[in-house]
Every structure is written in structure tokens, then in C-alpha cells.
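First up is the structure itself, then whatever we jot down about it.
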Amino acid sequence: MSVMTRRNWALRLSIILNVCVLLYVCVHFGSWQEDGTNWDTAAAVPLVQDNILGSESIQINSSLKTAQEARATKVTGSEEKKHVDTSTTGSAGGTKGVDATKFVGKDEHGLEGQESRPLVQPSISLKDAVGCNDKSLEPRKAQRGDYWVLYNYVPMTMSVSCWETITYTTHGDYTFLDNLEPLLERWKAPVSIAMHAPGNDFQPTLDSIKYLRNCGSPLVSQLVTFHLYFSSKHVPKVVPPSEKVIDEIYNCSLGAPWANPQYTSKMYKNEKKLLYPVNVGRNVARESAVTHYLLASDIELYPSPELPSKFLEMIRRRDQPTLFKPNPKVFVLSIFEVDEKSLPPINKTALSKMLKSGTAIPFHKKLCSSCHNVPKSKEWQEAPETEGLHVFHVGKRTGPFVHWEPIFIGTNSDPWYDERLSWEGKSDKMTQGYELCVLDYDFLILDNAFLVHRPGIKIFKKDQRREILTAKTNVLISKIIVPELKVMYGVRKGCAV
Ligand SMILES: *[C@@H]1O[C@H](CO)[C@@H](O)[C@H](O)[C@H]1NC(C)=O
Ligand SMILES: *[C@@H]1O[C@H](CO)[C@@H](O)[C@H](O)[C@H]1NC(C)=O
Ligand SMILES: *[C@@H]1O[C@H](CO)[C@@H](O)[C@H](O)[C@H]1NC(C)=O
């Protein structure tokens, strides 16, 4: 936590405490006048909790009940109003084509909580349930190890609060950008993408971004923030200012640069035999997300539709005991592949049919099933689809799942990806998996949500260069990284990289 956010929280806390003290004094001043004796501290406590949690119902058993209830209702009443107001400005702030309330799904939920019967804690507004600080989308340049990073180089136009939606954070070079539109069609929420753009790959990367923003779906400029990065040994010839990239019109009849063999056949990265620094991209995209919750994923994995709003509704409902366990937690998505003649299924019912007919299979079943096998996956596949989203099962990265590389919805408090690992060397998510295990994370598997790899089932292809790099990476992990992780995070029985 940065000093600024700490100060921010300290300030907020002191304001809340001040308000409480003031109310306390007011209330008791009233009661002295009434009977002059009733000075029990218990009466003030629910008010404090009420302010912090913002819960709608309070229970006070004292002679002050009515006065306090009146005040408490006032406080929550104005909170609710603010909540609704933000959502209206949210959709007005966004440009045409997207209804902010649609992907956020908060209007109808903000008030609903009063009627539902909470099992564990009172239902509260989504804003209070998430509890976070907003972040800036201002473009900035910075060095990061051996890399130059253009953070928020091309920011999304929609302004979102940290609590109101989820960001899909991902990485790639420009040849992966054909995935962006199909991804957005299903996700319909912010995307933060870090693009590797060394040397002469920089210009086609810029052209691809311009092409997507000018010639494709309006969702791209509304919801996608592009960050660019390259090694300091491979700086491009020109790096134009952000505004120029944002304002320039692209000639759409030139087509998409990633579909143009003139560029792709002689990519700078390939000619210079550069490795793909996958984890630099993952971390840049993740730490730049402006929302509290994020789905750090690979761009070829398309989520089931309406995942952001369904997930946040589950968080707001607060009706599942597993959500309140003290362990740190992430929300895991099951992953599938479909054959190239099929479209990705739009819901679990459709997915189940495809699994039965064999047009869909669990992800990497043919490559590395132990990396992606999810606990209770058989039961998951057999369970019929239900309304909304819930935790299906709580798993651990131990036993048969000790090498699991889960993809999950988490936050920026979760461990990072080791930037020394490359895509070519494989095992790039294993060290994070180990850290999650040692920190005793709960892996909350979601019941009705899933990811589908872009159509086409992967089969094993021999690649000698990758085999050599994989062997080198394995040595790096076992000889250097693992001893380091043991110092930094300690050890726990059953955990392995
Ligand atoms: C309030 O307290 C009185 C006695 O102190 C008790 O009889 C009554 O049931 C309590 N009411 C509630 C709502 O807890
Ligand atoms: C756009 O590109 C096409 C095809 O290369 C070309 O014929 C046309 O003149 C260009 N238009 C503009 C405005 O540059
Ligand atoms: C799932 O999708 C299918 C179309 O593939 C649709 O017919 C069905 O109504 C959907 N089911 C639910 C529960 O939304």
C-alpha cells in the first residue's frame, strides 16, 4: 500500500470517527435532557459499525433507539442516492453504444438488498462491498528493469470507478489483436492490455491500435487501455506522444496490420530472436487496471458472457460463508477448448452439450492436463446451470493440483508474476502458483462461469528452440528462484513450484 493511499484511508477513518463522535455527543446530549442518566457506551457502537459497513438495518436496544434509527436512515439514505447518481453520470460519461449500467448491472441491485434475507452479513451496496480507491488513467513513461513502459499510452474513453466493474488484464504483440473484438463482445467491461512492441514492431503495433479504434467495434476505444513496452536495447526510432496516437485517423481500407504478411512475415521480434517477456506484460497490465477486481488472463481465453456483472452481484450479495473465511482468496474459472468449426458456447448449458458431443474439451487436455485440471472438475461439468454465480467448491493447490496454473479473478494484492520468466521457457505462472499455495490461498471455483480458448484445439508440436529454453528455465527456477521464494514467502507442507 502506498503512502498516499494510507494517508487517504487514515483521513477517511478520522472523518468517520469524527462524525461518530459528533453523533454520539448529539444523541447523548438529547438523552441527558430527556432523563439525564442513560449513558451506556453500547448504544454508540452500532452506529460506528453502521457507518463503516453502510448496512441498511441496525439493531439497537436502548431508549435512544428512535433518535438513532432516524439518523442512521438518513445516512444510508444519502449513500444510496449518491450510489444511484454515480451510475447515471457513469453512463452519460461513456460514449454511445455502451450502456454503463448494462455491464455494471448495479442500478437494479443497489436497492434490492433491503428485501433479500442475508445469511451471513447484511447486504450492502456494491460500492461498500468492494471498498477501494479510484486510479488515474493518465499516460506516463517509466523504466521497469530492462524495459521502457508507456503506461496508459492509449487509455479507454469510459471513466469507471474502482468498484463498479472488473478489468480483464492481458498481454500480447500486435498479431494477437484479432482476439480483442470477440473478447470484448463477451466481456463488455474494461480491458487493460500490455503490448510488447520492440524496435520496428512499434509502428505496426500503433497502426493496429488505430485500426481497431477507427475501423472496428466502438467497444475498443470505450473499454480498452493499451500500454506499450520494449527492452531498452530495442527502442523504436520514434515514439509519438499519446495524443497523436489517440487523434490520428487510420485509413481503414489499408486493413488490419496483423493480417498483412508484409509486416508479420518479418517481425522485428523474430528477426532479432527476442524472447517474449510475458510476465512483464502481465504485471504492467494488472497493476494499471483501475478496478479493484481483475481477471488476469491470456487474450485467447474468452470469458462466458455477463461474467463481470454476475460476479459483482455475488460479491454484493455476501450470502456465502466461504466468502468470509480469513484466508486470502481468488475466484477460479474453469477453462475449455472448442474445435475450430464451433463457436464458443454462450452459457454452461450450451457448454455441457458440447462436452458431451466432444466438440469441447477441458483446456490443454492434450498438452498439460495437470497444469489446468481443476479440483472437482467432473462434478462441475455434471452440475446443471443455475441462476447467478456462486462458489462451487473451495480448492487448494496441493496433492494432484500441486502444479496447477489457475486463471482467476483476484485483486492487485495477489502475488505477481516473475519477470525473469519468458513465454518460450514455459512454467511462467508456476512461481505465482507456489506463492499462492504458501500464503494458504483458497481457490474458490465459480459454478456458472468459464473461459473458452479461441476455437481450434491445440496439439503438441515439437519445437527444439523452446525445448532448450525450457530446460534453461527449469534450472533458473530450481537453482535460483525457488531458494529465493523460500526466503521471501517461507515454506508450507504440500506446496511446490
Ligand atoms: C430490549 O431489551 C428489553 C429488556 O432490556 C427486552 O425485554 C427486549 O426484548 C429487547 N428488545 C430487543 C429487540 O432486543
Ligand atoms: C486509403 O488507402 C487506399 C488503399 O491503399 C487508397 O486507395 C486511398 O487513397 C487511401 N485513402 C486516403 C484518404 O489516404
Ligand atoms: C443457453 O444458451 C442456449 C443457446 O445456446 C439458449 O437456448 C438457452 O436458453 C441458454 N440457457 C440459459 C439458462 O440461459
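Indexing begins at 1, ligand by ligand and atom by atom, following the structure's order.
Counting atoms of ligand 3 from 1 in the listed order, those under 4.0 Å from a heavy atom of A350 are 5 (O). Each of the following atoms of ligand 2 lies closer than 4.0 Å to a heavy atom of S253: 1 (C), 2 (O), 3 (C), 4 (C).
Here the protein heavy atom with the shortest distance to atom 13 (C) of ligand 3 is E385 OE1, 3.7 Å. What sits closest to atom 4 (C) of ligand 3 on the protein, heavy atoms only, is I346 CD1, 4.2 Å.
Of the options L254, N251, I249, the smallest heavy-atom separation from atom 5 (O) of ligand 2 is shown by L254.
Distance remark: protein heavy atom present below 4.0 angstrom from atom 11 (N) of ligand 2. Put simply, atom 2 (O) of ligand 2 has protein non-hydrogen atoms near it, under 4.0 Å away. Under the 4.0 angstrom criterion, atom 7 (O) of ligand 3 counts as lacking any protein heavy-atom contact.
No hydrogens or angles considered: a donor-acceptor pair under 3.5 Å links the side chains of Y276 and H171. Remark: the D440 side chain and the N327 side chain contain an N/O donor-acceptor pair separated by less than 3.5 Å. Looking only at atom types and distance, the side chain of Y151 has a donor-acceptor partner in the side chain of R144 under 3.5 Å away.
The cationic atom of R466 (NZ for Lys, CZ for Arg) lies less than 6.0 Å from the six-membered ring centre of W423 and within 45° of the ring axis.
K329 and D414 are not joined by a salt bridge, as no carboxylate oxygen comes within less than 4.0 angstrom of a charged side-chain nitrogen. Ion pair E313/K310 not flagged as a salt bridge, since none of the NZ, NE, NH1 or NH2 atoms sits closer than 4.0 Å to an Asp/Glu carboxylate oxygen.
Polar contact check, N347 against ligand 3: a nitrogen or oxygen pair lies under 3.5 Å apart.
Taking the six-membered ring where the residue is Trp, W404 and F443 present tilted rings, their angle falling between 30° and 60°.
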